[in-house]
Protein chains: 2
Amino acid sequence: MLTKKAKYGLQAILLLAKDYGKGPITIADLAQREGIPKKFLESILLALKNRNILYSLKGKGGGYVLARPPNEISMGEIVRHLDGPLAPVPCVSKTAYRRCEECEDERTCGIRLVMKRVRDSIADILDGTSLEDVLNMIDEARHEIQNRF
Amino acid sequence: MLTKKAKYGLQAILLLAKDYGKGPITIADLAQREGIPKKFLESILLALKNRNILYSLKGKGGGYVLARPPNEISMGEIVRHLDGPLAPVPCVSKTAYRRCEECEDERTCGIRLVMKRVRDSIADILDGTSLEDVLNMIDEARHEIQNRF
DNA sequence: ATATACTCTATATATTTAGTAGGCTATATA
DNA sequence: TATATAGCCTACTAAATATATAGAGTATAT
């Protein structure tokens with residue numbers, strides 16, 4: 001399950017992606033528009049900045065902007081940085097592998113064999129979907145709704 | 001991330017699947033063989049019994065058995081019952097749908113559009129993999145290791 | 001100078017996870 | 001029918017994680 005942290009982070013970053021190239025947006029503005037506690041969002045955006053997903057400008061007229069264009073930032077990178085590894089068990093994680101202590105032979109662990117498929121599938125989707133892709137998906141969904149009437 | 005609860009449950013249930021048809025296995029036996037705290041496993045197996053995944057026999061010679069043959073129990077059913085919905089956000093869950101309060105229009109929410117794909121993919125894998133399938137995967141993995149030498 | 005806006009450290013609260021303790025109930029079998 | 005076996009049920013607790021909040025500090029545009 002996505003935590004609020006990741007969800008808030010994604011909400012804010014999608015606003016930044018939508019207005020990419022139009023200058024910085026303040027934390028206060030993002031927080032208000034999405035109904036996110038300001039102080040909480042502050043710490044989330046800071047984390048994303050440290051990962052070089054966002055860039056910030058201080059002082060008047062300042063705020064946050066994407067550090068890279070929307071097609072160069074994937075959903076996977078964001079979720080991983082805010083919620084940790086995508087893998088359901090650490091022993092199938094590629095970015096944060098950790099052995100299960102008790103596991104006698106990892107290669108023949110049934111749970112691992114299944115969860116590896118799950119991890120690969122999640123990673124394929126999230127790493128294969130950029131912010132630009134998401135914006136396009138939203139547009140498509142909007143058009144579909146229009147065309148129904 | 002899978003909780004220990006789900007992991008322990010899966011470990012125990014895979015032992016039961018392997019010896020399906022050979023009579024009941026006690027909690028104490030399962031706990032010892034997998035290094036699981038006995039009392040914790042007790043509550044896990046009870047939950048699986050209430051879901052009609054396991055069946056139990058009391059008294060001497062008693063213990064737990066699968067309530068159905070291994071090909072009729074899916075990984076998805078087990079994980080859902082122990083850890084809750086597979087969906088990363090409640091608004092894309094089929095078994096436990098819940099609306100996001102703040103969300104203005106669910107149909108055009110970017111996070112939802114992406115997470116729906118993730119949910120469907122996880123559900124396809126876990127609901128499409130039975131305990132029998134897992135046992136077969138383990139066997140295949142064993143043979144692969146053999147054939148390397 | 002001054003207001004704006006991000007940065008950093010510390011703290012608080014709620015919820016979930018991961019257990020533990022102990023008595024109760026049903027059953028096989030001697 | 002006594003007894004040991006083995007699951008059932010209720011309650012409690014400790015630790016970790018999630019979800020924030022407070023307040024002082026720092027950089028910057030005007």
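Since the structure is predicted, the reported quantities are computational estimates derived from the model, not experimental observations.
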Separation of [X] atom [atom1] from [N] atom [atom2], in whole Å?
| X | N | atom1 | atom2 | value |
| --- | --- | --- | --- | --- |
| B/L48 | D/dC8 | CG | P | 11 Å |
| A/K60 | D/dA29 | NZ | P | 12 Å |
| B/L16 | D/dG7 | CG | C1' | 14 Å |
| B/D29 | D/dT5 | CG | P | 15 Å |
| B/I27 | D/dC8 | CD1 | C1' | 9 Å |
| B/F40 | C/dG19 | CZ | P | 5 Å |
| A/K38 | C/dC6 | NZ | P | 7 Å |
| B/K58 | D/dA4 | NZ | P | 19 Å |

Would you say A/V118 and B/L126 make side-chain contact, with heavy atoms under 4.5 Å?
-> yes
Taking the side chain as every heavy atom from C-beta outward, state whether A/L131 and A/N71 have any atom pair closer than 4.5 Å.
-> no
Between B/S130 and B/D133, is any side-chain donor less than 3.5 angstrom from a side-chain acceptor?
-> yes
Ranking D/dA18, D/dC9, C/dA5 by distance to the side chain of A/T26, first place goes to C/dA5
Which of these nucleotides, D/dA20, C/dT20, C/dT7, is closest to any side-chain atom of A/Y64?
-> C/dT7
Quick one: look up who D/dA18 pairs with, Watson-Crick or G-U, both distances under 3.5 Å, and put none if it's unpaired.
-> C/dT13
Of B/A28 and A/S43, whose closest DNA chain D nucleotide lies nearer the 5' terminus?
-> B/A28
Rounded to the nearest 0.5 Å, how far does CG of B/L10 lie from CD of B/E34?
-> 11.0 Å
Scan [X] against the nucleic acid and name what it touches under 4.0 Å (heavy atoms): base, sugar-phosphate only, or nothing.
| X | answer |
| --- | --- |
| B/Y8 | sugar-phosphate |
| B/L45 | nothing |
| B/K4 | sugar-phosphate |

Do B/E42 and D/dC8 have a side chain to base donor-acceptor pair shorter than 3.5 Å?
-> yes
Check: D/dG23 base within 3.5 Å donor-acceptor of A/K39 side chain | yes
For C/dT7, take OP1 and OP2 only and decide whether either is under 4.0 Å from a side-chain N or O of A/S56.
-> yes
Using only side-chain N and O atoms of B/K49, determine if any of them is under 4.0 Å from OP1 or OP2 of D/dC8.
-> yes
Answer yes or no: does atom CZ of B/R33 have more than 12 heavy-atom neighbours from other residues, nucleotides or ligands under 6.0 Å?
-> yes
